[in-house]
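Report on the structure given below.
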Amino acid sequence: MGPPRTADMSAATRRNAGGTAGARALVPEIRGRGPFCLDERRTAMAKTERKPDHGDEALYALRHSTAHVMAGAVLELFPDAKFGFGPPVADGFYYDFDLPRALTDEDLPRIEERMRAMAKRDVPFEHREMPVPEALDFFRERHQDYKVEQIEKLDKADEQVELRNGSVSIYEHADFVDLCRGPHVERTSKIGAFRLLSVAGAYWRGNERNPQLQRIYGTVWPTEKELNEYLEKLKEIERRDHRALGRDLELFRIDEELGSGLVLWLPNLSIVREELENWWRKVHRERGYTLVYTPHIAHEKIYQRSGHLEKYGENMYGPLLLDDSAGATGGQRPPARFWIKPMNCPGHIKVFQSKIHSYRELPLRIGELGTVYRYERGGTLHGMLRVRGFTQDDSHIFCSWDQAQAEIGKVFDLAMEFLQTFGYRDPRVYLSTRPERRLGTDEQWDKAEKALADALGVREVPYDVDEGGGVFYAPKIDIKVMDAIGREWQGPTIQIDLNLPERFDVTFVNEKGERERAVMIHRVLFGSLERFVGGLIEHFAGNFPLWLNWEQAAIIPVRESARPYAEELATALRGAGLRVHLDEQAGDLRTRIKEAQQRKASYMLVVGDKEAAARTVSVRRRGAAQGEEERGVKLDEVIARLANERDTKALPPDFGPHGPSVADSLGG
RNA sequence: GCCGACGUAGCUCAGCCGGUAGAGCAGCGGUUUCGUAAACCGCCGGUCGGCAGUUCGAGUCUGCCCGUCGGCUCCA
């Protein structure tokens, strides 16, 4: 049932490479995302969209030129091909084609072959300016509808950069002529080490009402060495795929009969989650949060008031019809309609409104690990990273404007502490300001943006401003981070909501005894536990830190004679609150070590007669190289070490870009 | 939702041009008591994703549906 996995690079690998997902060149990152209330699942720990990163000028020209050579090769194979866009993107390039038949993976080597031939011919890339009327005729003659459309659009836009004196810029090599502003490498022999990676559908101009073209993704590097390093990185990404590790390590399962997009947390991952949740609750209590529980379904009227039904209804599960009207009265009252909650905010507002609040009680920080369900279109689901049911670590802070900046600052500090705990690196902070279309007054936006900016300013946090990048109801701070192998993920988000407090008339009583509108701050650290943990699996390559690990120690007696001591050791470790697996099977020690490695036990504690006599342990770390085990460690010392590693939440020694993985040991 | 590919045992896969399913791993039962990543023998295990259709006969061909994968789109 599972997806095909092959030893070489699979399509899955290619897709994840350097965030190939959502690759879009020459287009700014999609902004203003996030739905109504804070959409934590998407705003936190989503792999971020690939940005237009073309590297330096030389790399840009290389990628761009290779795209042209590829297009030329496609034209040789398909004389009727029509061409869409073919830009460079991070790590490579793509080109969109309208072809008489669907491309298959077998076509890629054939195209590559012709590209190599073209590189060998070593023809120059020639640039010239073509007056618009001539260009239109030229491309019309060749039935290049998309190019014609593009020229017409450029002409209309009359952009100085694109149109120089009523001409368009043309590049050609051999018989391939393309509308293109360059620059290119001088000759086709310079296109370096390339590889075509995958074929996929893509809409013309990215609009789903337009025809769908076939997109070929490729990568190109100045040298073979760099190409190989890149392909190696793709393999590493595949090895870390949380779906594969999820199967191999018995972490989670998504069952078709149960429903796609719904995650079963298997026992191992449930331990990880329990530890995360316990820590989350502890940290939040320490920071003065009030933790609550709210219902999983709610009456229609609350979602009418919140606006979710109107704005988000298509994604909601329901309605559930509760027909309690057909009873004794035999009345014809319409049945009550309930919906499964897609977000936690309305419930938290109701918690806040359960009584009148004095300014003295503020800020009130209401938090919940709240499970929500949202209907997502089939094509968007992806392992634990994009699901239909998930638990958000949701919090809403109700305060006055005077308190807002300080509260935002505290959330920011907490967010940084979270990221640090898991070893995420190089946080980058973005402040997204008011978009064109928005709710609320300018005065409100001024205050909200200032509160966010000042919170960062006080901390002297460097940040980028994304003008107009806010959500329609809120400006926000986003934090993005790098994982262990340098992929960027979207992390915590903080927003000031300018909508719901109005809709629900959220107030408190101020010093003067007047009702005052409360400020409502949305924030998320994990986002959804499903997505966060799915991300952690990839970040750690399955090598979880000891504090989260389901098997903190495997105790392996060398022979039957060491069993009593092994049991004593197990009892002692369990007494210290550690999760221990006592290996009771007979057989080859090497096999049992291997199996413990595959289960990702943090430590293998081997005990034989020598250890039993000396009351010591042979300690082998997960991922240790041959002969790296440490012999003769005192029993108490072992317990103290493990407990310390757990209590400090230390990152494991095999954490990093090249930690061994299950795939390594199984790969043979 | 759209384009394309795919769906055979818990997992990874084989199964030609239609003739009623096969391996390794895992599991189970034995044997093996071994010093740091694969001991040996045996057994169990499949309505071939589902429903129709074509055919004497369908894992194999056709249609629809479900699901998965790669993208696109969506995610106010």
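Every chain is numbered from 1 and lettered A, B, ... according to where its sequence line falls, protein lines coming before strand lines.
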Which nucleotide in [options] has an atom nearest any side-chain atom of [X]:
X: A:R377; options: B:rC11, B:rC74, B:rC72; answer: B:rC74
X: A:H382; options: B:rC11, B:rG70, B:rU73; answer: B:rG70
X: A:E208; options: B:rU73, B:rU33, B:rU36; answer: B:rU73
X: A:S198; options: B:rC11, B:rG70, B:rC3; answer: B:rG70
X: A:R386; options: B:rG35, B:rG67, B:rC74; answer: B:rC74
X: A:Q212; options: B:rG70, B:rC3, B:rA37; answer: B:rC3
X: A:S618; options: B:rG35, B:rU36, B:rC2; answer: B:rU36

Results of ring pair (Phe, Tyr, Trp, His ring centres under 6.0 Å) for A:F83 - residues two or more places apart only: A:Y95, A:F97, A:F176
With A:F194 via ring pair (Phe, Tyr, Trp, His ring centres under 6.0 Å) - residues at least two apart: none
Residues which pass side-chain contact (heavy atoms from CB on, under 4.5 Å) with A:S270, listed by chain and number, not counting sequence neighbours: A:W265
Partners meeting side-chain contact (heavy atoms from CB on, under 4.5 Å) with A:E449 (sequence neighbours left out): A:T433, A:R434, A:W445, A:P475
For [X], side chain to side chain donor-acceptor pair (under 3.5 Å) partners two or more places apart:
X: A:D442; value: A:R438
X: A:E584; value: A:R563
X: A:Y203; value: none

With a non-hydrogen cut-off below 4.0 angstrom, is [X] in contact with a base, only sugar-phosphate, or nothing?
X: A:E611; answer: base
X: A:R631; answer: base
X: A:D96; answer: nothing
X: A:A200; answer: base

Stem segments of RNA chain B by first residue number [Watson-Crick or G-U, under 3.5 Å, at least 3]: B:1-7 with B:66-72, B:10-13 with B:22-25, B:27-31 with B:39-43, B:49-53 with B:61-65
Between the protein and nucleotides 39-47 of chain B, which nitrogen or oxygen pairs are less than 3.5 angstrom apart?
unit_1 : atom_1 : unit_2 : atom_2 : d
B:rA39 : OP1    : A:T591 : OG1    : 2.6
B:rA39 : OP2    : A:D588 : OD2    : 2.3
B:rA39 : OP2    : A:R590 : NH2    : 3.4
B:rA39 : OP2    : A:T591 : OG1    : 3.1

